[in-house]
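Below you'll find the structure, written out as structure tokens, and then a few comments.
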Amino acid sequence: MVNCVSFSDCESPMEISDFNNAECNKQPVSFPVPPKEVADALRVSSGLNVLPPEQLARVIAHAEQLLFHPGNVVFDAGDVADRLFLILAGRVEITIGSRRNILGPNQMFGASAVVGHDHYGAVARAIDETVVLVIHQADIKILTASDKNLESWAYKRLLGLSHPEPIGKKNSSLRDSDWMELGGWLLTLLCPAVILWWASSHDVKTTIALFLAIASATVLMWLFNLVDEFIPGVFAIVAVMSLGLAPPNVALSGFMSDGFFMAMGVLALGVLIVSSGLSYRILLLLLKHFPDGQPWQNLGMILIGLLLTPVVPVTNGRVALVKPIMLDLIASLHLAERGRAATMLASSALGGVTILSAVILSSKSSNFVVYGLLPEQLRDQYQWLGWLSVAAVNGAILLLCQAVFSYIFFRNDERPTVMRDALEIQLRVLGPLSSREWGAIAGTLIFTLGVLTESIHKIKTPWLGMGLMFSFLVLRLIDKEEFRKCIDWALLIYLATLVGFGATFSYLGMDRWVSVQLGLLGTVLHDNLMLFLFLLSLGMTIIRFVLPMSPAIAIAATILMPMAEAQGISPWIVGFAILTLGEMWFFPFQSSQYLQLREMPDGRPVFDEGRFLLFNGIMNLLKIAALYLSIPYWQKIGLL
Amino acid sequence: MKTKLRLWLIMAFVVGATGTIVLYNIHRPRLLIIHSSASENAQMRPINRGLRDVLRDKTQFSIRWYYTGLNSIGSKHLAELESVRVRSLISAMQPDVILAVGDEVQEYVARHYANDPRIKIVYCAVHEDVAPYGLDHATNATGSLMTPPIEALTEMLQLMGQQLALTKPIRVLHIGDKTDDVKDDGNYMARQKWAKLRFIGNEYVGNFEEWKLVLGRVEKHADFIVTSEYRTLARSSSDPALVPAQEVVDWTVSHTPVPVVGTRSQYVMDGGMLAVGASLYEQGKEGGNIAIRLLEQHTSPREIPASTSKEFVIAANESRLKEKNLYLPDIYRALARASNNYFQ
């Protein structure tokens, strides 16, 4: 049962210390918020909605509803952190130093109580007549013991990773996205039906019509971001298999592919490197040992991203790792907010984790999709090291461009120095290397050596990765729970289904059909690669305005790579160009990584967004230029 | 409101997709391929290759493969039980077309559906005739019959005769076990014209002792022996245990003074010298093509006359040939190699 207490009879604004004041608690009033609305708020609240309903139901029995008048303080900085709050009605202003954030219904605050801080670091004050649901310390412990999601939410909130945008803006954007979603579902429903109806009157083979209907629904789900990225792929494969459009060895070929197992092995290595704390230790060591001066600090930031690129095969995962470091660095160096130095550091942070994404095979799922679409004989050739060696020149050009152009573009007079004492303390807190960290170091060394010496031991990279994963499991460096939760199974399914979808596309002869339809493009590809790359750049830029990066790359690769093979051009070059160009983005909505980096508690990025985007635009042009500049190298090694 | 609308749209999509899939599958033409063998063994592989080659892009059909093992079930009772199992499957699946591969499937399965208006039957890899199974006049059955390639066999034996410097008309004797297949082949051979050769008759034997006896005195009567099947030979009149095919062939090759040529490529795989047989690949391909016509064009089986094998395969063992002072011209050797039937 929910205890409802009103403070309407208190004359002065309430502070948290007053909650236990008998004077104020003695006259409870009727229920200020109906139970249904409380239940709805619990179900949609971003911190609580992931918890098991039975746990929530159990805990809610001890929760209280409190009413605050405008201007009342819910808690002050320095108050004992022993309660978690969920806003049921009204608004609350959270103030941390000079930063201000306004929260509204269904949003939670008081994350310090969840992560075990002794005191609150912020001030929470009611703006309107506000009703909050209060969850007490004992219940918080029950919730965090049964599920780590609440704790994870709290850490993100404290790190500023999941702060909502200001209420007015959020509500309006929610409305927009709601309508977009409804429109998306409507199209997903209607488009396949229209295709089937059209095909029935145009003498199109039934199997082709069905595949087109499936493909349209899949692409629309991606286009409108209706579900998680991997789900449309699952739909496509389930539909293909249920309709018998392709045999299992074709439709499910992604689950048997080298890329699938290579990704699984690398993910396991990444899990160990991150969860053991090794990656964080390396970040601190790099910052500590790099010389003072902006070029070095930025180089360090880029290097951190580069080190994470091969072992964390999800770009957003890498951004999540470097963002706190970037924020810490901006704060500890006292860089001017939204100044050029802070913007350069932000650019280096994002550049470091993304710039070699196409160059290093294990850096993102799209690379594995392109790898899976390569002919079998080329897959052997372009395993991890082979891929790197042919893409290296392109990567080197991009790195050089990032370094030189960011130095010129963000030139400034700030003279920041690293707070080495703080880093020293952080490293001492970490203590000596743990056994898991040693395991991660050994795993990385073995993997690297194994890849470099493949010509001697003849063990292919996927099986090297899987062997390492087996070793981590048998040595209990990764336990069953971690294996279940930390390996990105959704990414693996996404990767496997995309490869299977591409194989089905070819199996049904759609690649040949598309080649015929795009005959002119095939001729251009054969006769004039320079012009083809220009057209591809143009096409990918347009596609990226309507499709997220991964689906855009997958669709373009599925269509164009077989065409390249048919035209006698290396499909790897076309696949690599698609990967590089698919990463181009101009507006924030096109890049989830940028949005993640930008997201701040007060909704305003710590860097100059306009300058950042302008620099990003320049880098996009340089990406195209790097492709052209790589052509002589590819010609020299006989790829062209 | 919007949440409900969204939910309704998602539900409509899921129900629509599921409904489309179910409806499509319900109306998909169904083909059941029933094999006489228990699995895809060496003998069946060429047939399956032919079937898969023509059915590969026919994803609009719902195709199911079933291996009965009827050709290796020793007891009639067990064969009847298997027959019941297959018929139960047919009753559940309700295929539009049954593609029955091999004689045993006709005997134990297809014959039960002769003149059934709901099911069309395509037979293939059947020796000589389907009359014993009641399918010759059935309105719902057609297919492809497998007969020994007499012309090719005649040419080959004439060539061998020249190599052995035989001057008189070459005398050919057919020997095999007492199965219906062998008798069908024997009858077929007896009816054919053998050009300059003289077919002197059939010898059907029940056990290995008889086999040895016949082959022991054959030199006086025949210049070449042609053999079709020998897998059901008992050890002796008193011992019903079956003699392994390799043992039969080993003995035959080493004890028979005249060259022995098989009419099935399996003979060479069992250790024989040379075989000239009907192409099983062609049987599979032909059977598959007829099934496609029936399923796609809704043609009546009566409109498609039964075909007989036109293509042949050669299987050869070079060392065995040398033992008899024979050799295979390059063109035949290439043919044998092309079908992976050339052994050194």
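Lettering follows sequence order; numbering is per chain, from 1.
- Near-neighbour residues of residues 232-244 of chain A relative to chain B, defined by a heavy atom under 4.5 Å from a heavy atom of that chain, comprise F235(A), A239(A), S242(A), L243(A), G244(A).
- When the shell of 6.0 Å around CG of L23(B) is examined, it contains more than 12 heavy atoms from other residues, nucleotides or ligands.
- When heavy atoms are compared at a cutoff of 4.5 Å, R28(B) approaches chain A solely by way of its side chain, counted from C-beta outward.
- For a heavy-atom cut-off of 4.5 Å, chain A lies close to no residue in residues 286-299 of chain B.
- Between the side chains of T68(B) and E82(B), no donor-acceptor pair is found at a separation under 3.5 Å.
- Only the side chain of L508(A) comes within contact range of chain B, judged by heavy atoms closer than 4.5 Å.
- Contacts with chain A were tallied for I63(B), V14(B), I10(B); I10(B) has the most, counting heavy-atom pairs under 4.5 Å.
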message: For S339(B) and Y281(B): C-alpha separation, side-chain torsions, deciding distance, then whether side-chain contact (heavy atoms from CB on, under 4.5 Å) applies.
response: CA-CA 10 Å; S339(B) 56; Y281(B) 173 82; over 6 Å; no
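- For chain B, the nearby part of L196(A) is the side chain; its heavy atoms alone come within less than 4.5 Å.
- Residues meeting the side-chain contact (heavy atoms from CB on, under 4.5 Å) test with A564(A), sequence neighbours left out: L525(A), I569(A), V574(A).
- Here the CG-OG distance, from N25(B) to S62(B), works out to 7.0 Å after rounding to the nearest 0.5 Å.
- Side chain to side chain, S91(B) and R87(B) fail the donor-acceptor criterion of an N or O pair below 3.5 Å.
- Using a 4.5 Å cut-off between heavy atoms, A17(B) contacts chain A through its side chain alone, with no backbone atom that close.
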| request: Give the intermediate values and the outcome of side-chain hydrogen bond (donor to acceptor under 3.5 Å, both in side chains) for residues T207(A) and Q60(B). | output: CA-CA 6 Å; T207(A) 47; Q60(B) 69 270 37; 5.3 Å; no
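- Within the structure, ring pair (Phe, Tyr, Trp, His ring centres under 6.0 Å) contacts touching residues 84-116 of chain B (residues at least two apart or in different chains) do not occur.
- When each of F230(A), F211(A), Y507(A) is paired with F501(A), the ring pair (Phe, Tyr, Trp, His ring centres under 6.0 Å) condition holds for F211(A) and for no other.
- Nearest heavy-atom pair across I119(B) and P95(B) is CG1-O, 3.6 Å.
- By the 30° and 60° cut-offs, the orientation of the rings of W222(A) relative to Y494(A) is perpendicular.
- Interface remark: L226(A) contributes no atoms to any contact with chain B (heavy atom separation under 4.5 Å).
- At a cut-off of 3.5 Å, with distance as the only test, no side-chain donor of H35(B) or N71(B) sits close to an acceptor on the other residue.
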